[in-house]
Amino acid sequence: MKKGKCSFSLISLGALAAEAGMIVWCLYQATVSRGSSGLEIGCIGLFSFLIGMVGFHLARVDRALLGRLRRFPLVMMILHGWMLILIAAMYLLGAA
């Protein structure tokens with residue numbers, strides 16, 4: 001891998017976008033279905049959590065490969081961390 005390319009972090013950015021889309025889809029389904037799509041929402045939420053973990057790991061690997069001077073992998077790690085906290089809070093509060 002060449003120095004200066006954040007390829008794993010770019011994949012992590014795509015994972016973050018997919019994760020955010022899944023959270024929005026879960027919230028939409030929860031409001032529209034009126035409690036009849038519990039398994040679908042649970043599976044999408046679990047899959048979103050797993051994508052977030054993989055995205056966080058990819059950003060961590062990119063930061064280890066490129067060195068600690070790169071900020072984009074660190075920003076991706078922080079964003080994935082916030083999304084994982086958001087998903088955990090939604091499950092604990094029962095929003096999804």
Side-chain angles (χ1 to χ4, degrees):
M1 180 174 199
K2 290 184 178 180
K3 275 276 200 208
K5 291 193 175 190
C6 297
S7 60
F8 288 127
S9 291
L10 290 174
I11 296 170
S12 178
L13 180 64
L16 184 73
E19 187 179 3
M22 286 183 178
I23 290 173
V24 169
W25 179 255
C26 280
L27 291 174
Y28 173 73
Q29 282 296 100
T31 57
V32 170
S33 68
R34 296 182 186 171
S36 65
S37 65
L39 182 63
E40 178 188 358
I41 291 174
C43 289
I44 290 173
L46 180 63
F47 192 63
S48 174
F49 185 78
L50 292 175
I51 286 176
M53 293 297 290
V54 169
F56 185 85
H57 177 70
L58 286 173
R60 189 175 60 99
V61 167
D62 209 14
R63 185 165 165 89
L65 287 176
L66 295 176
R68 301 212 177 258
L69 298 176
R70 298 301 242 162
R71 290 192 180 154
F72 185 59
L74 178 65
V75 169
M76 291 310 301
M77 288 171 59
I78 291 170
L79 288 175
H80 276 289
W82 279 107
M83 290 297 270
L84 292 173
I85 290 171
L86 175 69
I87 291 171
M90 282 174 37
Y91 273 118
L92 289 175
L93 296 175

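Remember, predicted model here, so these are calculated numbers, not experimental data.
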Original post:
Do Leu13 and Leu50 sit in the same hydrophobic cluster, where Ile, Leu, Val, Met, Phe, Trp and Tyr count as joined when their side-chain heavy atoms come under 4.5 Å apart?
Top reply: no
Subject >> Separation between CG of Leu10 and CG of Leu16, rounded to the nearest 0.5 Å >> reply: 12.5 Å
Original post:
Under the 3.5 angstrom rule, does the side chain of Asp62 hit a backbone N or O of Pro73 as a donor-acceptor pair?
Top reply: no
Subject >> Shortest non-hydrogen separation from Leu65 to Phe8 and the atoms involved >> reply: CD1-CE1, 3.6 Å
Subject >> Heavy-atom pair of closest approach, residues Met77 and Arg60 >> reply: SD-CA, 3.8 Å
Side-chain donor-acceptor distances from residues 80-87 under 3.5 Å, at least two apart:
residue, atom, partner, partner atom, Å
His80, ND1, Glu19, OE1, 3.3
His80, NE2, Ser12, O, 3.0
His80, NE2, Ser12, OG, 2.9

**OP:** Compare every heavy atom of Gly45 with every heavy atom of Cys26, then report the nearest pair and how far apart it is.
**Re:** SG-N, 3.8 Å
Subject >> Gap separating the CD1 atom of Ile78 from the CZ atom of Phe56, nearest 0.5 angstrom >> reply: 9.0 Å
Subject >> Same cluster (ILVMFWY, side-chain, under 4.5 Å), Met22 and Val32 >> reply: yes
**OP:** Could you grab the distance from atom CD1 of Ile23 to atom CD1 of Ile44, nearest 0.5 Å is fine?
**Re:** 11.5 Å
